[in-house]
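Read through the structure below, which is laid out as C-alpha cells, and then see the notes.
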Amino acid sequence: MSDRPSWGTTGDRTARADTGGRPERISAGVTAVRYPLVPVRRLSLDSVARRAGVHPDLVRRFVALGLVEAERDAAGRLVFEPTAPAVIARVQRLRSGLCLNYASIGLVLDLLDRISLLEAALRRTGTRSDIPPWT
C-alpha cells in the first residue's frame, strides 16, 4: 500500500478523504491532501456545553448562528475545536456586558477580529502613533 493519496477515477485530481487526510484546495483545479503530524483533539457537544457552563441546545443555536464553528464527525455528531468553550464565554460576556442579541454579537465579533488584524499589521510594520491602542 502506498503512502500517497489515491485520486478519483474521473481524473479530476480531487483527493479522497478516506486516505486519512483532509482534502484542501491549493489553487484552481488542484486539490492536495495534508496529513497532520499530531491528531487534533476534538470536543463533543456535551463536553463543550459542560466546560462553557451552558445548555447543549444553546451551543447548537450558536452553531446555527455562526458564532461558534463546528464540524460533523462520521456519525453526524457535532465536534468542536478545543477553543470553543472560550469562544462561547466571549459570546456570553458580550451578551451580558453590552446587552446585545445574538445576531448583533456576530457582527461585534467580526469587527473585533478585524481590529485585531489591523493592530497586528500596524505592529508588524513598525508604525507607531502617540495614541495608545484602545484594547
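Both backbone and side-chain heavy atoms feed into the values below; hydrogens, waters and symmetry mates do not.
Here the straight-line distance linking atom CG of Leu109 with atom CG of Asp113 works out to 6.5 Å at 0.5 Å rounding. Between the CG atom of Leu117 and the CG atom of Leu112 there is a distance of 11.0 Å, given to the nearest 0.5 Å. The CG atom of Leu118 sits 10.5 Å away from atom CZ of Arg123, with the distance rounded to the nearest 0.5 Å. Atoms CZ and CD, from Arg114 and Glu119 in turn, are 15.0 Å apart once rounded to the nearest 0.5 Å. Taking CG of Leu111 as the start and OG of Ser116 as the end, the distance is 10.5 Å to the nearest 0.5 Å.
For the pair Ile88 and Arg51, the minimum side-chain heavy-atom distance is 4.5 Å or more. In this structure the side chain of Arg42 reaches within 4.5 angstrom of the side chain of Glu81, judged on heavy atoms. Side-chain contact between Val59 and Val54: present, with at least one pair of heavy atoms (C-beta onward) separated by less than 4.5 Å.
Hydrophobic clustering places Leu58 together with Leu98 (ILVMFWY residues linked when any side-chain heavy atoms are closer than 4.5 Å, directly or through intermediates). Hydrophobic clustering of Ile, Leu, Val, Met, Phe, Trp and Tyr side chains at less than 4.5 Å, counting indirect connections, unites Ile105 with Phe62. By the rule that hydrophobic residues join a cluster once side-chain heavy atoms approach within less than 4.5 Å of another member, Val48 and Val79 end up as members of separate clusters.
In this structure, Arg95 is positioned above the aromatic face of Tyr102, its NZ or CZ under 6.0 Å from the six-membered ring centre and within 45° of the axis.
Pairing each heavy atom of Phe80 with each of Ala70, the nearest pair is CE2-CB, 3.4 Å. Here the closest heavy-atom approach between residue Val87 and residue Leu67 is recorded as CG1-O, 3.5 Å. The shortest non-hydrogen separation linking Asp73 to Arg77 is OD1-N, 2.7 Å. Pairing each heavy atom of His55 with each of Ala49, the nearest pair is C-CB, 4.1 Å.
Looking only at atom types and distance, the side chain of Ser104 has a donor-acceptor partner in the side chain of Asn101 under 3.5 Å away.
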Q: Give the intermediate values and the outcome of side-chain contact (heavy atoms from CB on, under 4.5 Å) for residues Arg61 and Asp57.
A: CA-CA 6 Å; Arg61 186 178 306 154; Asp57 288 339; 5.8 Å; no
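A salt bridge is absent between Asp46 and Arg60; no separation between the charged side-chain nitrogens and carboxylate oxygens falls under 4.0 Å.
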